[in-house]
Amino acid sequence: MNLFSDIRALVLDCLQAMEVDGSLPAGLDLANVAVEPPRDAAHGDMATNAAMVLAKPAGRKPREIADALAAKLAADARILSAEVAGPGFLNLRLAPSVWQAVPRAALRLGTAFGRSDLGQGQRVNVEFVSANPTGPMHVGHTRGAVVGDALSKLLAFAGYDVTREYYINDGGAQVDVLARSAYERYREVHGLSPEIAEGLYPGEYLIEVGEALKAEFGQRFLNAPEAEWLEIVRDFATDRMMAMIRADLAALGVEMDVYASEKALYGTGEIEAAIARLDAQGLIYQGVLEPPKGKTPEDWEPREQTLFRSTVHGDDVDRPIRKSDGSWTYFAPDIAYHYNKISRGFDMLIDIFGADHGGYVKRMKAAVSALSAGQVPLDIKLIQLVKLYKNGEPFKMSKRAGTFVTLRDVVEMVGTDVTRFVMLTRKNDATLDFDFDKVLEQSKDNPVFYVQYAHARVCSVLRKAADMGVATDDAALAQADLAVLDDPAELALMRKLAEWPRLVEIAARSHEPHRVAGYLSELAAEFHALWNRGNDNPALRFVQEGDHATTAAKIALARASAVVISAGLAILGVEPMDEMR
RNA sequence: GCACCCAUAGCUCAGCUGGAUAGAGCGCUGCCCUCCGAAGGCAGAGGUCGCAGGUUCGAAUCCUGCUGGGUGCGCCA
């Protein structure tokens with residue numbers, strides 16, 4: 001149920017009727033006709049721009065079209081009034097019964113209220129986190145993980161078939177560095193002093209890997225040359241790191257459907273096949289790149305390389321896919337990995353990267369465009385920095401090398417739900433301030449608390465009504481006569497509820513889960529406003545002593561609000577609270 | 001030098017993918033409440049939407065050029 005699309009359909013019906021009766025020319029393009037909530041509530045319940053959009057193609061004045069359309073619309077029982085305003089807007093007022101049907105729908109459908117078939121079952125692959133398996137996840141990864149997970153949930157709610165995927169960068173030089181770092185810890189637990197050379201990972205989390213290595217291999221590698229242990233230690237340490245990362249993700253409530261390994265692409269011919277596919281399109285050649293202008297690296301010299309002609313697909317320069325020693329650059333397995341995703345039949349790909357990978361966007365899109373013949377869109381969301389604060393002061397956990405604020409630290413300090421919600425209060429490409437104290441504050445300035453508090457208030461009021469003897473299950477509440485809900489504050493809340501299905505589609509279309517968090521704050525604000533009206537005006541309180549019918553209607557509205565809050569929080573991956581403690 | 005992202009109230013930010021008089025919270029000013037329908041309420045002041053052009057009936061939103069900030073720019077991923 002989406003009231004806005006219902007009314008838009010009505011508007012389109014009326015316009016077509018006008019084409020039939022000759023008041024509009026036939027064959028007009030109606031795609032830009034919109035029905036939206038007005039910015040100013042004084043303008044009515046909904047507004048349509050139909051007359052202004054069609055004035056020019058129809059060769060008629062906007063007001064003429066608007067008047068004729070208003071007459072047609074007014075014949076529908078749902079339309080209370082249709083008034084022409086401003087440059088040609090048609091402001092619609094809807095019958096209260098239309099709004100009153102909204103909480104009823106929410107009660108009947110439960111948290112499925114707002115689900116959409118926008119995606120029509122299209123298969124979407126969302127790749128996110130993809131942190132190098134060289135250490136625990138830190139705050140930066142956390143935001144990417146939350147955004148990716150919430151986006152996945154949002155898309156599923158909007159009718160897409162979603163696969164969540166983690167790409168393990170276990171094929172490059174950094175896992176060799178991990179192996180050498182772990183090896184030093186392995187020596188350390190044997191009583192030898194470790195040599196954590198410049199460039200190795202100094203983190204103490206590798207000590208337990210060293211211990212595990214000792215338990216597994218004893219002294220076997222202690223005096224062995226690197227060639228003998230490197231591969232074994234690398235695989236061993238990588239497995240340990242991935243286990244740790246999976247546990248971190250689990251603590252955040254994130255579950256992946258697929259863990260894809262970079263290493264697994266080597267030696268299978270997958271990389272070669274992907275490159276061959278590009279080669280077949282004439283997009284692979286031997287050439288020499290120009291040095292970057294303005295900032296030429298010290299050691300730059302012209303060099304012939306194997307290049308991908310990414311400029312054909314919108315990139316700024318062509319990109320190397322082989323190093324001078326003939327081995328693949330990091331870009332090559334990435335091309336193969338995306339080719340792999342395309343080959344698995346996804347209709348759309350989404351990658352979530354850290355903002356420092358911004359320079360990588362065009363070449364990746366170019367590769368996907370070439371490999372899918374332009375058929376599979378790739379959207380890349382860049383996640384900006386999280387700045388940590390404590391009591392308004394910039395926060396650093398420790399200055400010792402190798403330690404940083406980890407995902408675990410954050411979750412242990414403020415909890416999974418708060419972490420997730422706060423990470424979704426800003427759009428992904430804006431930096432986010434995260435204050436350990438403010439996010440736990442119990443006041444209306446804190447959106448997490450504000451939304452949770454609204455839900456808790458509903459639960460509280462339902463308990464009171466139940467004590468009074470009112471049936472408070474959703475099925476019973478859906479039967480209540482909601483015609484008594486006609487106060488402006490009540491209607492405002494119903495209007496906000498009616499926006500939910502529309503918001504889901506807008507957020508899903510733009511791949512912006514943060515909009516859900518923003519909407520929930522607005523919905524909570526409407527709910528609290530109505531609640532506060534009850535302070536001054538007892539007739540607006542949800543529980544009306546001795547009046548079961550009115551109480552049932554009012555708590556039906558309250559419960560419907562809680563249902564939508566639950567549905568929204570579920571998309572964010574946050575548990576609603578039944579009471580505040 | 002080039003590319004991408006950002007720029008909205010004193011502060012932190014929303015802003016419906018082009019709509020009407022640009023919103024919220026904090027802070028500020030005034031009034032109300034001292035209440036477990038608790039963890040405040042109501043009202044008010046405050047903005048050339050970085051600048052300049054353009055497209056459009058209509059622009060914070062789209063295009064172009066500037067300014068300022070961030071990120072990145074061939075053998076690191």
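Base pairing of B/G23: its partner is B/C13, meeting the Watson-Crick or G-U wobble criterion (both donor-acceptor distances under 3.5 Å). Nucleotide B/A3 forms a Watson-Crick or G-U wobble pair with B/U71, both donor-acceptor distances falling under 3.5 Å. Remark: B/G53 base-pairs with B/C63; criterion is Watson-Crick or G-U wobble with both hydrogen-bond distances under 3.5 Å. If you check B/G44 for Watson-Crick or wobble pairing at under 3.5 angstrom, you find it paired to B/C28.
No engagement by A/Val317 is indicated, since no non-hydrogen atom pair under 4.0 Å with the nucleic acid exists. Residue contacts for A/Gln452: at a heavy-atom cut-off of 4.0 Å it reaches no nucleic acid atom on any strand shown. Within the nucleic acid shown, A/Glu262 comes within 4.0 Å of sugar-phosphate atoms alone, with no base atom in reach, counting heavy atoms only. Within the nucleic acid shown, A/Arg502 comes within 4.0 Å of at least one base atom, counting heavy atoms only. Within the nucleic acid shown, A/His514 comes within 4.0 Å of sugar-phosphate atoms alone, with no base atom in reach, counting heavy atoms only. Residue-level contact check: A/Ser510 touches neither bases nor backbone, having no heavy atom under 4.0 Å from any strand. At a threshold of 4.0 angstrom between heavy atoms, the contacts of A/Arg303 include nucleobase atoms, whether or not backbone atoms are also involved. Residue contacts for A/Ala47: at a heavy-atom cut-off of 4.0 Å it reaches a base atom on one of the strands shown. Looking at heavy-atom distances under 4.0 Å, A/Ala34 makes no contact with the nucleic acid at all. If you check every strand for non-hydrogen atoms under 4.0 Å, A/Phe542 touches a base.
The distance between atom CG of A/Asp536 and atom P of B/U34, rounded to the nearest whole Å, is 12 Å. With rounding to whole Å, A/Leu432 atom CG is found 16 Å from B/C5 atom C1'. We find that NZ of A/Lys365 is positioned 10 Å from C1' of B/C4, with the value rounded to whole Å. Distance, A/Leu200 CG to B/C76 P: 16 Å, rounded to whole Å. Rounding to whole angstrom units, NZ of residue A/Lys427 and C1' of B/U17 are separated by 11 Å. When rounded to the nearest whole Å, the span between CG of A/Leu289 and C1' of B/G74 equals 6 Å. One interatomic measurement links the two molecules: CG of A/Leu424 to P of B/C13, which rounds to 16 Å at whole-angstrom precision. Per the geometry, CG belonging to A/Asn32 stands 20 Å off P belonging to B/U55, to the nearest Å.
Counting only heavy atoms from C-beta on, A/Ile506 has its side chain closest to B/C16 among B/G37, B/C16, B/A77. Looking at the side chain of A/Asn132, the nearest of the listed nucleotides B/A20, B/G41, B/A77 is B/A77. Of the candidate nucleotides B/A3, B/U12, B/G19, B/G19 has the atom nearest to the side chain of A/Pro87. For A/Arg426, counting side-chain heavy atoms from C-beta on, the closest listed nucleotide (B/A77, B/A39, B/U12) is B/U12. Distance from the side chain of A/Lys444 is smallest to B/G25 among B/A20, B/A14, B/G25. Side-chain proximity of A/Asp356 to B/G41, B/G19, B/G72: nearest is B/G72. Of the candidate nucleotides B/U71, B/C13, B/A77, B/C13 has the atom nearest to the side chain of A/Asp433. Closest to the A/Glu36 side chain, of the nucleotides B/A14, B/G19, B/A39, is B/G19. Between B/A39, B/C13, B/G19, one nucleotide has an atom nearer to the side chain of A/Met52 than all others, and that is B/G19. For A/Lys56, counting side-chain heavy atoms from C-beta on, the closest listed nucleotide (B/U56, B/G25, B/G74) is B/U56.
Ring-centre distance between A/Tyr450 and A/His528: below the 6.0 Å cut-off.
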Please table the atom pairs, donor to acceptor, closer than 3.5 Å between any side-chain atom in residues 496-505 of chain A and protein atoms at least two apart or in another chain.
{"residue": "A/Lys496", "atom": "NZ", "partner": "A/Glu522", "partner atom": "OE1", "Å": "2.9"}
{"residue": "A/Trp500", "atom": "NE1", "partner": "A/Phe113", "partner atom": "O", "Å": "3.0"}
{"residue": "A/Glu505", "atom": "OE2", "partner": "A/Ser116", "partner atom": "OG", "Å": "2.9"}

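When each of A/Thr48 and A/Glu301 is assigned the nucleotide of RNA chain B bearing its nearest heavy atom, the one mapping closer to the 5' terminus is A/Thr48. Of the two residues near RNA chain B, A/Trp328 and A/Asn49, the one whose nearest nucleotide lies more 5' is A/Asn49.
Side-chain atoms of A/Asp334 stay outside donor-acceptor range of the base of B/A77, with no qualifying N/O pair under 3.5 Å.
With A/Thr550 contributing its side chain and A/Asp547 its backbone, the two residues share no donor-acceptor pair below 3.5 Å. With A/Asp45 contributing its side chain and A/Leu94 its backbone, the two residues share a donor-acceptor pair below 3.5 Å.
Separation of the C1' atoms belonging to B/A7 and B/G68 is 8 Å when rounded to the nearest angstrom. Atom P of B/U8 sits at a distance of 28 Å from the matching atom of B/C73, rounded to the whole Å. Across B/G47 and B/C13, the matching C1' atoms stand 14 Å from one another, rounded to whole Å. Distance check on atom P: B/C4 versus B/C42 gives 45 Å, rounded to whole Å. Rounded to whole Å, the separation between the C1' atoms of B/A60 and B/C16 comes to 14 Å. Separation of the C1' atoms belonging to B/A3 and B/G10 is 35 Å when rounded to the nearest angstrom. Spacing between B/A38 and B/C51 at atom P, rounded to whole Å, works out to 45 Å. Between B/A24 and B/A9, the distance separating the two C1' atoms is 11 Å to the nearest Å.
A/Lys341 has a carboxylate O that lies under 4.0 Å from a charged side-chain N of A/Asp351, or vice versa, which qualifies the two as a salt bridge. Look at A/Asp433 and A/Arg426 and you find no salt bridge, because none of the NZ, NE, NH1 or NH2 atoms lies under 4.0 Å from a carboxylate O.
A cation-pi arrangement is absent between A/Arg363 and A/Phe308, since the terminal nitrogen or guanidinium carbon is not both under 6.0 Å from the aromatic centre and inside a 45° cone about the axis.
Between A/Lys362 and the options A/Asp318, A/Asp315, A/Asp316, a salt bridge (charged side-chain N to carboxylate O under 4.0 Å, His left out) holds for only A/Asp316.
Between A/Arg457 and the phosphate of B/A39, there is a side-chain N or O to OP1/OP2 separation shorter than 4.0 Å. A sub-4.0 Å separation between OP1 or OP2 of B/C4 and a side-chain N or O of A/Lys362 is present. A sub-4.0 Å separation between OP1 or OP2 of B/C11 and a side-chain N or O of A/Lys438 is absent.
Note: A/Phe331 and A/Tyr360 have perpendicular aromatic rings, judged against thresholds of 30 and 60 degrees for the angle between ring planes. Relative orientation of the A/His357 and A/Phe353 rings is tilted, given thresholds of 30° and 60° on the angle between their planes.
For the pair A/Phe89 and B/A20, the ring geometry qualifies as stacking, because the centroid separation is below 5.5 Å while the planes lie within an angle under 30°. Look at A/His43 and the base of B/A20; the rings stack, centres closer than 5.5 Å and planes less than 30° apart.
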